[in-house]
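Heads up: the structure comes next, in structure tokens.
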There are 2 protein chains.
Amino acid sequence: MTQRKVISFDTIRVACKNCSLSQLCLPMGLAPEDVERLDSIIKRSRPLHRGDHLFRGGERFRSLYVVKTGSVKTYAPSEEGGEQVLGFHLPGEIIGLDAIDKSCHACSAKVLETSAICEVPFQRFEELAASIPSLQHQMYRLLSKEIGQDADMLLLLGKKNAEERLAAFLTSMSSRLSKRGLSPTDFYLSMSRHEIGSYLGLAVETVSRLFTRFQEDGLLRVDRKHVEVLNLTALEMMAGAPPSSAHKQRSN
Amino acid sequence: MTQRKVISFDTIRVACKNCSLSQLCLPMGLAPEDVERLDSIIKRSRPLHRGDHLFRGGERFRSLYVVKTGSVKTYAPSEEGGEQVLGFHLPGEIIGLDAIDKSCHACSAKVLETSAICEVPFQRFEELAASIPSLQHQMYRLLSKEIGQDADMLLLLGKKNAEERLAAFLTSMSSRLSKRGLSPTDFYLSMSRHEIGSYLGLAVETVSRLFTRFQEDGLLRVDRKHVEVLNLTALEMMAGAPPSSAHKQRSN
DNA sequence: AACTCAAGTTGACATGCATCAAGCGTCAAT
DNA sequence: ATTGACGCTTGATGCATGTCAACTTGAGTT
């Protein structure tokens with residue numbers, strides 16, 4: 001709605017070796033001929049649209065998915081329509097790693113905006129990884145990275161207050177977008193306030209009030225989904241070490 | 001202090017093929033000769049004592065560690081002495097998976113009671129896994145399982161109230177102990193109330209009050225670290241689906 | 001035994017954030 | 001333009017849980 005909706009077929013079909021994300025993604029550190037082999041097992045479908053599912057909780061696990069363009073949220077649907085957002089995924093990030101264990105998806109994945117996705121059939125991938133040590137190593141690294149990020153998130157939910165949580169969310173988005181060649185201080189959020197709240201363990205209203213406050217304090221300029229970060233270092237401070245000499249709730 | 005402190009040298013030196021945990025651990029699904037090969041790279045040290053560290057945050061990553069007997073906590077130390085407990089690890093569980101990515105430990109690991117630990121040098125392990133497909137697969141499964149458990153924990157911290165959190169903690173302990181051949185309804189907790197609170201994102205006082213309340217309600221009998229579960233199904237109900245018709249805070 | 005210290009418990013109080021409720025801007029369809 | 005729906009914002013209120021403080025208990029030490 002706000003951003004480029006037009007994605008040429010060429011962009012979607014681009015091979016790993018020509019993909020600008022290859023240094024964040026599975027091909028990282030691979031020899032060119034191995035990138036070619038990896039490329040040959042990857043399926044690239046037509047772009048998906050806002051609201052489409054990559055998979056739903058309970059479905060059999062067959063493939064990992066990598067965001068090429070756009071963004072995806074993963075969430076655990078609960079009985080009464082409620083949901084816990086587990087993560088937001090940007091280009092180059094892998095989705096479905098939690099399903100390898102049980103061969104069954106425990107969560108659902110839904111695209112937040114028009115997105116191109118690479119599908120990696122897992123069984124074929126595993127065979128390939130067995131014959132390419134650097135691919136196996138990269139896979140271990142990516143799995144490990146995911147675990148490390150989850151630990152950061154546990155810390156956030158266990159110890160940080162609302163202000164610190166939103167600051168951490170914004171600085172995380174900033175740095176991830178920056179790694180992908182986009183502006184670290186001017187971006188569009190593809191998720192709703194409600195989804196941000198669910199992800200951070202906060203009510204929508206709290207998220208909204210914090211956006212307002214950050215704006216009043218000169219940290220941000222916000223217009224709906226468009227965010228301009230005016231004082232990134234202040235946000236980083238706020239997200240990082242506990243304020244230590246201010247609000248000190250939750251120092252347990 | 002409460003349990004068997006005497007661990008014979010034979011118990012520590014037991015090889016994977018004779019280890020009662022092999023079906024929860026790395027050797028799961030391996031052919032006997034491959035178990036032998038795995039066994040040959042594993043180092044088994046003398047037992048560690050309460051308070052000893054397996055590793056500390058910042059140290060270089062060289063090995064994974066598997067609990068053979070006893071228990072271990074992982075935690076992220078923060079500047080001012082505070083710490084966030086990230087997990088408690090029982091026999092058969094692997095520690096250090098989050099460090100593969102950066103080749104450096106982001107958290108610390110400390111044993112909670114006298115414990116025997118198997119050390120798995122990671123580089124040698126990786127070489128071995130490349131030549132044993134079922135070991136590689138098991139490693140993927142274990143990494144994936146960790147990610148899935150972290151997601152459960154995110155849900156707990158993001159959506160559940162104090163009562164649900166402690167109930168979830170207790171039922172989780174119960175089922176994990178049960179898988180290891182111990183009683184699901186009568187066990188000793190090796191961690192302090194403070195550590196439980198940190199893990200669950202609650203203040204010590206809240207944990208203490210909940211233990212008292214659960215006891216009053218006839219769900220538990222508690223004597224310091226000794227817990228007898230009197231009504232496991234009630235605890236599971238409480239931990240699982242949101243109460244739906246009672247306290248309904250945090251249905252965001 | 002008497003002492004010490006850490007861990008746990010319990011009560012009183014404070015507050016951050018959820019909840020409830022109402023209003024507003026934006027977008028899409030008519 | 002009109003309508004309706006939805007997402008977002010803002011204000012008022014209440015509650016779950018954190019914080020502070022005092023006391024108890026148990027384990028180790030002398």
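Just so it is clear: chains get the letters A, B, ... in the order the sequence lines come, proteins before strands, and each one is counted from 1. Side-chain atoms are counted along with the backbone in the values below, which use heavy atoms only and exclude waters and symmetry mates.
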Check the distance between [N]'s [atom2] and [X]'s [atom1] and give it to me in whole angstrom.
X: Lys159(A); N: dT19(D); atom1: NZ; atom2: P; result: 10 Å
X: His194(A); N: dG7(D); atom1: NE2; atom2: C1'; result: 11 Å
X: Lys160(B); N: dA16(D); atom1: NZ; atom2: P; result: 18 Å
X: Phe211(A); N: dT10(D); atom1: CZ; atom2: C1'; result: 16 Å
X: Arg50(B); N: dA27(D); atom1: CZ; atom2: C1'; result: 12 Å
X: Leu166(A); N: dC8(D); atom1: CG; atom2: P; result: 13 Å
X: Gln215(B); N: dG8(C); atom1: CD; atom2: P; result: 15 Å
X: Arg224(B); N: dA7(C); atom1: CZ; atom2: P; result: 10 Å

Any non-hydrogen side-chain atom of Leu170(A) less than 4.5 Å from a side-chain atom of Phe211(A)?
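Yes; the side chains approach each other to less than 4.5 Å.
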For residues Arg224(A) and Tyr188(A), determine if any side-chain heavy atom of one lies less than 4.5 Å from a side-chain heavy atom of the other.
no
Glu195(A) with Lys73(A): basic N within carboxylate O range, under 4.0 Å:
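Answer for the salt bridge query: yes.
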Classify Ser208(A) by what it touches in the nucleic acid, base, sugar-phosphate, or nothing, heavy-atom distance under 4.0 Å.
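Base contact - Ser208(A) has a heavy atom under 4.0 Å of at least one base atom.
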Parallel, tilted or perpendicular, as decided by the 30° and 60° cut-offs, for the rings of Phe55(A) and His105(A):
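Parallel: the ring planes of His105(A) and Phe55(A) meet at under 30°.
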Does the base of dC17(C) carry an N or O that pairs as donor and acceptor with the side chain of Glu163(A) under 3.5 Å?
no
What about Arg209(A), does its side chain sit under 3.5 Å from the base of dG16(C) through a donor-acceptor pair?
no
Closer than 4.0 Å, any side-chain N/O of [X] to the OP1 or OP2 of [N]?
X: Lys225(A); N: dC8(D); answer: yes
X: Arg193(B); N: dT9(C); answer: yes
X: Thr206(A); N: dA18(C); answer: yes

When you measure from the side chain of Arg221(A) to the backbone N and O of Val227(A), does any donor-acceptor pair fall under 3.5 Å?
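Side chain of Arg221(A) to backbone of Val227(A): no pair is present.
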